[in-house]
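Please read the structure below before turning to the comments.
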Protein chains: 2
Amino acid sequence: MRSDLDALFHPRSIAVVGASPDPEKMGHRYVRILKEFGFPGPIYPIHPKAPDILGLRAYPSLLDVPGTVDYVISCIPAPNILELVEECARKGVRLIHSYTARFRETGRHDAASLEQEFLRRARQAGIRILGPNCMGLYYPKMGISFKHNMAREPGTVGVLSQSGGNAVEMVFDGSLRGLRFSKVISYGNAVDLNEADFMEYFADDLETQVVCAYIEGVKEGRRFFRALKRAAQRKPVVVLKGGRTSAGRRAVASHTASLAGERELWRALVRQAGAVRVDTMEEMVDTAIAFAFCKPGTGLRVGVVGGGGGRSVASADECEEVGLWVVPIPDDMRRAWRELDPSVADWLGNPADGSILQGSPLTVERVLDMMADHPVFDILIANVGEHFPLEHPDGIPRTRATVQAFIQTAKRACKPLAVVLGDTLAHQPWQREVMRELREALASAGVATFPTVRRAGLALRRLATYYRERSEEHAYARP
Amino acid sequence: MRSDLDALFHPRSIAVVGASPDPEKMGHRYVRILKEFGFPGPIYPIHPKAPDILGLRAYPSLLDVPGTVDYVISCIPAPNILELVEECARKGVRLIHSYTARFRETGRHDAASLEQEFLRRARQAGIRILGPNCMGLYYPKMGISFKHNMAREPGTVGVLSQSGGNAVEMVFDGSLRGLRFSKVISYGNAVDLNEADFMEYFADDLETQVVCAYIEGVKEGRRFFRALKRAAQRKPVVVLKGGRTSAGRRAVASHTASLAGERELWRALVRQAGAVRVDTMEEMVDTAIAFAFCKPGTGLRVGVVGGGGGRSVASADECEEVGLWVVPIPDDMRRAWRELDPSVADWLGNPADGSILQGSPLTVERVLDMMADHPVFDILIANVGEHFPLEHPDGIPRTRATVQAFIQTAKRACKPLAVVLGDTLAHQPWQREVMRELREALASAGVATFPTVRRAGLALRRLATYYRERSEEHAYARP
C-alpha cells in the first residue's frame, strides 16, 4: 500500500485530462497551478482540439502523449470516465485523481453503478483511484496543489479530508495563523483509496508531524481503527467526524455518499485509539495550531496574564470550564512581587489583571516570564488585550512591545504558551493593519495564537490530555 | 429609584473633577469625549491650576463653578474622595460617577473602609454613586460616552456591565456587526447603585428593546431576581455571569470585589426569570445580534443554504448539536425543484449544498427564498460560502449578488434569518476589503451576521427558546 501512495505523491509526470483553455474551468486551473507551483516533471494537458494550453503542448488524447504518465487528473464528465480508464490502462498510468464528480453522491442508481464500474475496471488494470468527487492533492514540496493561492512553503501538518471545502478552509485559516502543510489529501467518495490508506501513510510519513482528519464515513472499520491507533502512538492525530447527527448523516449522503457511523461509537473509537476528537473546523485548526507550535506538556495548571479585569474573570472561568486549573499564585512568587511593587503584590492574582499593573515595574510581560520559570504553572496563556492600547495610534508601540515580549517568552519557555489576539475586525483601517501585522509576527515566530481565551484553553487542554495519556501509556508499558 | 436614574442619565450639567491637560489621562479624555459627542449642557473641568482645558474654562474646585452641577465624573485619587463628597453636597450634586478606583477591589482593609465611608457620606448628602472603579455611562443620544471611538448614533440595546472592559468589547464588537446602543452602564464595585437598579430601569426604558447584563456579583438577590423577571417579561434579557468557577470567583474579588454566587443557583435564577443565559462575551454579542435584528420566532425547524459539501455537513451537525432541527425537504418543495431543475432536484437536501447548484437555475438564493415562504421552516441560516468565489477577484460580483439576495430575503421573510460570513482574516488585501464591505452591507441592512454556523445556530436557538417560553406563558396566563 505504501508504494501506491508513493506513486501518488511522487509522480514523474502528470496529465490533466479535460484540460481547458477557459480560465474558469478546473481543467484549466489544475494545469496553471502545477506550472505555478513548479511541478518538476512534464505536465500534459489533454484536450481534443487545442494545440496548447497555458504555453504547454496539449494532446488530443492520453494515448498521444509521448512519454510515460504516472498520474492523471480527470476533469472530464462522469459518463466518459470508463473510456479514460481504458486509455490509462494502455498508457501504464498508476493513479487517477478523479476531480470528476456526479457519481454515487447524486443519489442516482445509474451514477452509483458507474462509480462501481469505474472501480472494477481500474482494479483490473492495477490503477488506483483518488476520489472521485474530490480536489485531490496539495503537496507543496512536490509542486502539486489544487488551489493557486495556497502557500508554496511546505510544513509539518498532514491533512486527510473527505471534503475539499474543509481541506481548503483548514489550509487557508491555518496558514493565516502560521500553519504550513506536508500533504493535504482531499479524497471525496473514496471508492478505492480511503481513510485507512491515508492514515497508514501519515503514520509513517517523516514529513508529517501532526495529522488532521476530516472523515464523513469509514469504509474499512477495523483497518482504519488500527491505522488511527498506530498513527496516534507516533504523532498527534486530530479527528473531526462529519455526520455526527441524523441531519448530518443525510447531508453526508448527498456529499460523499458515505455511511456515517454512530456518534457514540466514533467517540469511543477515537478515544481508544488515543487520537484527539474535535467538533468543528475551527477547533480542528485551533488544535493543529497548538500541536504544531506549542512545546509538549502534560499538566493542566494554567497561568494567565493580560487584559483588563473583565477579561481576567472571563479567562479564569473559561479556562476552568474547558478543564484547565487556574492555580493561585504561589507564596514565593508573591514574595518576589512584593519586592518589585508592594502596592499591587497582594492584590494581583492569577489571571494577572493588566489594568492593575498600569505604571507598575511589575509588568504583564514580567509576570508571564516569572510564570514561565515557576514549576507550579504547566501552561501559559497571554492576552494581548489590544482593545485598550489600540484605541489611539499612540498605543501601537506599546502593543508591539507586548507582542515581542510574549514571543521571547514563548521561545525560551519549556511549557506550552498561547497568545490571545482578537481577530482583525476593527473600526479603523490602521487598527486592522496593526492586528494583521501582530498576528503575522506571532505566526512567523511560530507562536500559537487564538482569537479567544476559550479557544486557546480548549486547544491547550487537548494538547495536555494527549501528552498525558501518551506518557501514562509509556509509564506502564513493558520495556 | 427611577428618578435617581433619570438624574443620572439626563444631567443638565457635568463636572469632570480631576480633569487634566494631559491627553493620556482619563480626566482629559472624559472632557474631550463629552465635547466631541456634543453633550448639550455645560461641561466644567475641575483642575487646581489650569485656566482652561480643551478650550473650556476650568475651575480650581467644584465650589467655584458658577452654575448648578448635577453630575460629577471623579478622576481624582481615592484618598481625596471624601473631600469631593463634601463639596458635592454643598453644590447640590445628585450623582457621582467614580471612575476613581483602588477601593475595596485592592483587597486592602483601609481601602474597603474608605469605600464604605464614601457611601455613608454620599447617602447622608442624598448623593447617589455610580461605581467606584468603573467607566461610567455611554448614552449616545445624550452626548455622554466613555470612549471617543464609540458610535454617535443611538440604538436599542441596553447594557449593564460590572466590567468596563467587557462593556467596551460589547460595544466595539457588536457595532462592527451593526448593533447600536441605547445606554451602556459600566458600574464597577456597585457600592450604591447596583444591578437591581439598572435592571429595573431597563425594564421600563422605552429606548431599550434588548438588555445585556454582565454581572460579577449581586448585592440584593431578591430584588435583582424580581427586576430580572420583570424585565425579561417585557423584552429579551441576556445574562453573562462572571465568576462562575472558583478561579473566576477569585478573579472577581480583585476586580470588583463582588461576592460571586454559586453557578447552579445562578443558572436556576436566570432560567426561572425567563432571561437568556450565555457563557462568553462572544455569545453575549451573538445573542444580542439575534434579538436586535431577527424577526421573532418560536420554532426550531431550520433551513440552511449555501457553502460546499463539507460546510453543508457541518451546518447540519452543528445546528442539531445546538438544539435546532434540520428538517428534510418537504415533498411539495421537491416537486417545485423538479420543475426548475430535474438533474439536481432529488439530490439536493437541507442543508442545500451550493456546489450541487453550480450552473443550475435553482440557485442558492432561490432555495432560500422558497424556504422563507414555506411553513415547514421556522428559522433560516444562509452561508455566503465566500472561500470559493473569493479565490479570484472575478468572484466579487457573484459574492456581492449573493449577499444582496440574502438581504432582500431577510427583509421580507417573517422568520428569523442569520447570514454566516467568515471574519476578515484573509490572505489578500482585496479579500479583506470585500469581506469588510459585505459585512457592512449586511449590518447596515439590519441583517444578523455570524462568523460560523455554530454561533449562528446557538444564537437562533436561544432566540426561539426565549420566544417560545414567553408565548407558552401567555397561552396559559389568565386573560
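All heavy atoms count here, side chains included; hydrogens, waters and symmetry mates do not. Order of the sequence lines sets the chain letters (A, B, ...), proteins ahead of strands, with each chain counted from 1.
Interface summary for chain A: among B/Gln162, B/Arg102, B/Gln428, the most heavy-atom pairs under 4.5 angstrom belong to B/Arg102. Of the listed residues A/Ala316, A/Ser315, A/Pro429, A/Pro451, the one with more heavy-atom pairs under 4.5 angstrom with chain B than any other is A/Ala316. With chain A as the partner, the residue from B/Ser254, B/Gly385, B/Ser312 showing the most heavy-atom pairs under 4.5 Å is B/Ser254.
At a 4.5 Å heavy-atom cutoff, the contact between A/Pro328 and chain B is made by backbone and side-chain atoms alike. For chain A, the nearby parts of B/Glu105 are the backbone and the side chain; heavy atoms of each come within less than 4.5 Å. Contacts between A/Asn133 and chain B at a heavy-atom distance below 4.5 Å are absent for every atom of the residue. Looking at B/Thr452, only its side chain comes within 4.5 Å of chain A, counting heavy atoms on both sides. Proximity to chain B is absent for every atom of A/Arg455, based on heavy atoms less than 4.5 angstrom apart. With a threshold of 4.5 angstrom between heavy atoms, B/Ile356 approaches chain A through its backbone and through its side chain. Residue contact with chain B, scored on non-hydrogen atoms closer than 4.5 Å, involves the backbone and the side chain of A/Ser343 alike.
No side-chain heavy atom of B/Met281 sits less than 4.5 Å from a side-chain heavy atom of A/Arg311. Side chains of A/Val313 and B/Tyr214 form a contact here, defined as non-hydrogen atoms less than 4.5 Å apart. Using a 4.5 Å heavy-atom cutoff, the side chains of B/His387 and A/Lys147 are not in contact.
Between the side chain of B/Asp317 and the backbone N or O of A/Gly242 there is no donor-acceptor pair closer than 3.5 Å.
Rounded to the nearest 0.5 Å, atoms CG (B/Asn149) and CG (A/Leu390) are 10.5 Å apart. A/Glu24 contributes atom CD, which lies 7.0 Å from atom NE2 of B/His392 (distance to the nearest 0.5 angstrom). To the nearest 0.5 angstrom, B/Glu318 atom CD is 8.5 Å from A/Glu282 atom CD.
Every residue meeting the ring-ring contact (aromatic ring centres under 6.0 Å, His included) condition with B/Phe103, not counting sequence neighbours, appears here in chain and number order: B/Phe118. Annotation: side chain to side chain donor-acceptor pair (under 3.5 Å) contacts of B/Arg108 (sequence neighbours excluded): B/Asp110.
The minimum heavy-atom distance linking B/Gly310 with A/Ser163 is given by the pair CA-OG, 3.2 Å.
A salt bridge does not link A/Glu320 with B/Arg249: none of the charged nitrogens is closer than 4.0 Å to a carboxylate oxygen. At a threshold of 4.0 Å, the pair A/Glu321-B/Arg263 counts as salt-bridged, since one of the basic side-chain nitrogens sits closer than that to a carboxylate oxygen.
In this structure, a donor-acceptor pair under 3.5 Å is present between the side chains of B/Ser175 and A/His427.
Heavy-atom neighbours of chain A within the stretch residues 165-172 of chain B, taken at a separation under 4.5 angstrom, comprise B/Gly165, B/Asn166, B/Val168, B/Glu169, B/Phe172. Among residues 344-352 of chain A, the residues having any heavy atom closer than 4.5 Å to a heavy atom of chain B are, in sequence order, A/Val344, A/Trp347, A/Pro351.
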